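Just so you know, these numbers come straight off a predicted model, no measurement behind them. Start at 1 and go down the list; that is how both ligands and their atoms are numbered.
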Amino acid sequence: MDNDVLSPAEPRAAARDTAPDHAWWRSAVIYQVYVRSFADGDGDGTGDLAGVRARLPYLAQLGVDALWFNPWYPSPMADGGYDVADYRGIHPMFGTLEEAEALISEALALGIRTIVDIVPNHVSDRHPWFQAALAAGPGSPERERFWFHPGGGEHGELAPTDWVSSFQGSTWTRTVDPDGTPGDWYLHLFTPEQPDLNWNHPDVRAEHEDVLRFWFDRGVAGVRIDSAALPVKDEALPMLPEEPAPGQHPHVDRDEIHDIYRAWRAIADSYDEPRVLVGEVWLEDAARFARYLRPDEMHTAFNFDFMTQPWDAAAMRRSIARTLAEHAPVGAPATWVLSNHDITRPVTRYGREDTGFAFDRKRFGTPTDLALGTRRARAAALLTAALPGCLYLYQGDELGLPEAELPRDVIEDPMHFRSGGVDPGRDGCRVPLPWSDHGASLGFGGDDAAEPWLPQPAAFAPLAVERQAADASSMLALYRAALRLRREDDGLRDGVLAWLDAPGDVIAFRRGASFASVTNLGGAPVALPAHTEVLLASAPLAGGMLPPDSTAWLTVEPAGEESA
Ligand code: GLC
């Protein structure tokens, strides 16, 4: 395999070096593609790889460096594809492996790398290993790849532990033996359709290492590692301790997990252009989080600390400082994430009374001021694009799409069902994109396309790509301009941030030689620091003042005494 396949053929800006850039991931803009809802090439109502291929020019024009695809593998879709039945294939509703290979190389020809989603914690209950385990019965070697265990109580009727699923409810489901009698239980940290793998088993390790090579050999530049702090379990299967010490939780962030990622890093590093590991690591303890980013482990991990902050200058500034401080000792770049396919859209989140994010606080009918949320999301877009490190952009956020409040009968997300219907779940941020302001699926499919798999709210039509592309004041125009400026200024990569003195409600910092970003989160306009030029602003300046809930990017006199 020719490793040079990873070097973009044509850098999109003259300022970019033509040599393969092995450090691209330190300051990349990575666009998250939720294939099912991005673009529907065959008009059947479901997004697909043909749709993505047709829209690659849009992504190149937006100015992104890489695409991260949510799982595109064959799957019964019990959890939006995070229940993988075959890690080496493409779901037939999305296309074929040949199409995926074509997509990877076509994207690269436009200077865009590809990241695929790897799901190591669990497989689908339809995966051949789990089917074989069920068929082989208790005590069989096939069952050792999972966590099968007899129940407690007189007849084995009690779940082996009191662990709580990330989707609520128990983490155990009882099986029925081949002879029809109730049998052992199996562990699933998510839904019963997602049995957890036993990472102490050599087959599990070997299989995932082989899957990594499979995708790396097809030219993908990296992997996003799903639920990356969860795969290793305490073999003793203890009850949940009240306050587990770091590393002592029975199924979160166990110390042994790092061996897995060291082995993966060695594989990633064995390619001429090293591949990149990005972790989905939800951990509150900053020091424990940073351990995943040591030089021989992952390259980066999602920064959920910043994403979950409320719209509050002090909280956000603290989070930025904490993030940079926690990454520095391990030499890893930070990442900046405003949302993803699990999170309420920023426009909606920032338009609510509770502007932070917590899974357990989602409710139907939460009052939302979308105009306010949109102003803030625009400000947040510029704020995050100016911070040092990698920027993630979830599809549709560049259009300022709101979270859709879907009718209950169309919701598919298991989070909704496992909450007893209380939590609307995550489908509201997974609604098919509007490409045009008219037609059956707003340009998601062609003119005669089937209804999209989730209904698009009326509010999506004016936010369509076609409309925003023609409007210099649109969210799309703002993102395009921001990503172009970010690309042109080397000072906006992974480097030093120097705080500027600013009122409490304002977040202001310098980057590079002469760039400054100022965000006003307060209720009154504020004066801008001395500058020679306003490069970009998320809202019109009023008499030179920065209005509430907005960000301005400035050219300032070359740096003075500030320090990081
Ligand atoms: C991750 C994914 C989420 C999925 C879960 C289980 O958190 O982002 O969508 O439901 O893992 O795989």
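- Seen from the ring of F214, R218 counts as a face-on cation partner, given the 6.0 Å and 45° thresholds.
- Contacts with ligand 1 closer than 4.0 Å are made by side-chain heavy atoms of R224 only, the backbone lying farther away.
- Contacts of F167 with ligand 1, taken as heavy-atom pairs under 4.0 Å, involve the side chain alone.
- For the pair R418 and F167, the cation does not sit on the ring face, since its NZ or CZ is not both under 6.0 Å from the ring centre and inside 45° of the axis.
- Because its NZ or CZ atom is not both nearer than 6.0 Å to the ring centre of W199 and within 45° of the ring axis, R205 does not count as a cation-pi partner of that residue.
- Cation-pi check for R345 over Y350 is not met; the charged atom does not lie both under 6.0 angstrom from the ring centroid and within 45 degrees of its normal.
- For ligand 1, the atoms closer than 4.0 angstrom to any heavy atom of D79 are 4 (C), 5 (C), 6 (C), 10 (O), 12 (O).
- Close approach of ligand 1 to F190 is summarised as follows: ligand atoms under 4.0 Å from at least one heavy atom of the residue are 5 (C), 6 (C).
- Annotation: H258 is not in aromatic contact with Y261 [ring centroid separation under 6.0 Å not met].
- Remark: ligand 1 and W282 share no N or O pair separated by less than 3.5 Å (distance only, no angle test).
- Within ligand 1, the atoms closer than 4.0 Å to a non-hydrogen atom of H122 are 6 (C), 12 (O), numbered from 1 in the order shown.
- The ligand atoms of ligand 1 that sit less than 4.0 angstrom from a heavy atom of S227 are 1 (C), 11 (O).
- Across all non-hydrogen atoms, the minimal contact from P310 to M316 is O-CG, 3.7 Å.
- Those atoms of ligand 1 with a heavy atom of R426 less than 4.0 angstrom away are 3 (C), 4 (C), 9 (O), 10 (O).
- If you check which protein heavy atom lies closest to atom 7 (O) of ligand 1, you get E280 OE2, 2.8 Å.
- Atom 9 (O) of ligand 1 has D342 OD1, 2.7 Å as its closest protein atom, hydrogens excluded (heavy atom only).
- D226 OD1, 3.1 Å is the protein heavy atom nearest to atom 2 (C) of ligand 1.
- For the pair P346 and S339, the minimum side-chain heavy-atom distance is below 4.5 Å.
- Using a non-hydrogen distance threshold of 4.0 Å, G80 does not register as a contact of ligand 1.
- Salt bridge status for R363 with D423: absent, with no side-chain N to carboxylate O gap under 4.0 Å.
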